[in-house]
Amino acid sequence: MKKNYVQLLFVAVFLLLLSACGGTADTSNPDVLEASGNISIDDLGVASEVSGKVLSLEVEEGDWVEAGDVLFRLDDEILQAQYDQASAAVDVAQATVDAAAAQVDSA
């Protein structure tokens with residue numbers, strides 16, 4: 001995780017230094033800065049918020065991706081079973097509350 005922050009910091013410093021290398025093409029608007037160049041990253045770590053078995057990779061090396069694109073799919077069988085178990089526990093708890101409310105009403 002620390003390596004990702006170091007890479008992000010490196011890119012940010014690089015972009016800051018790159019922005020200082022050129023002038024503005026349109027001097028009538030000082031808020032506009034035009035520059036050209038390439039940024040290349042050899043290695044970038046990607047991780048999901050949960051662990052699991054990777055079922056499929058949706059992209060290949062060199063593919064263009066945007067925010068929100070699916071990069072890979074994880075096996076969610078265990079997570080789905082845990083969700084179903086928790087949902088059943090909620091249903092049991094609700095039935096207990098309903099039964100207790102019925103006893104209060106009858107008393």
Side-chain angles (χ1 to χ4, degrees):
M1 194 66 154
K2 185 177 181 181
K3 185 178 180 181
N4 290 342
Y5 291 120
V6 171
Q7 289 175 344
L8 184 59
L9 180 62
F10 174 79
V11 170
V13 169
F14 178 75
L15 290 175
L16 181 65
L17 292 175
L18 182 63
S19 68
C21 293
T24 59
D26 182 11
T27 57
S28 64
N29 188 354
D31 294 333
V32 175
L33 174 67
E34 293 183 12
S36 64
N38 293 321
I39 297 176
S40 176
I41 298 176
D42 292 329
D43 186 26
L44 179 65
V46 176
S48 68
E49 293 179 0
V50 296
S51 62
K53 180 180 175 183
V54 175
L55 291 178
S56 65
L57 292 173
E58 304 296 326
V59 296
E60 295 183 17
E61 184 176 343
D63 287 352
W64 288 92
V65 295
E66 295 180 6
D69 287 352
V70 175
L71 304 179
F72 54 89
R73 297 195 184 277
L74 295 177
D75 184 5
D76 67 345
E77 184 177 339
I78 293 173
L79 290 174
Q80 188 63 47
Q82 290 173 342
Y83 174 82
D84 293 342
Q85 185 178 16
S87 180
V90 168
D91 293 341
V92 168
Q94 185 61 50
T96 303
V97 169
D98 293 344
Q103 286 180 353
V104 168
D105 289 342
S106 67

Distance-only criterion, 3.5 Å: show the donor-acceptor pairs between side-chain atoms of residues 72-92 and protein atoms not counting sequence neighbours.
residue: Arg73; atom: NE; partner: Glu58; partner atom: OE2; Å: 3.4
residue: Asp75; atom: OD1; partner: Glu77; partner atom: N; Å: 3.1
residue: Gln80; atom: NE2; partner: Asp84; partner atom: OD1; Å: 3.1

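With Leu71 as the fixed residue, the side chain to side chain contact (heavy atoms under 4.5 Å, CB included) test singles out one of Val59, Leu57, Val54: Val59.
Counting only residues at least two apart or on different chains, the side chain to side chain donor-acceptor pair (under 3.5 Å) pairs with a member in residues 93-104 are Gln94-Asp98.
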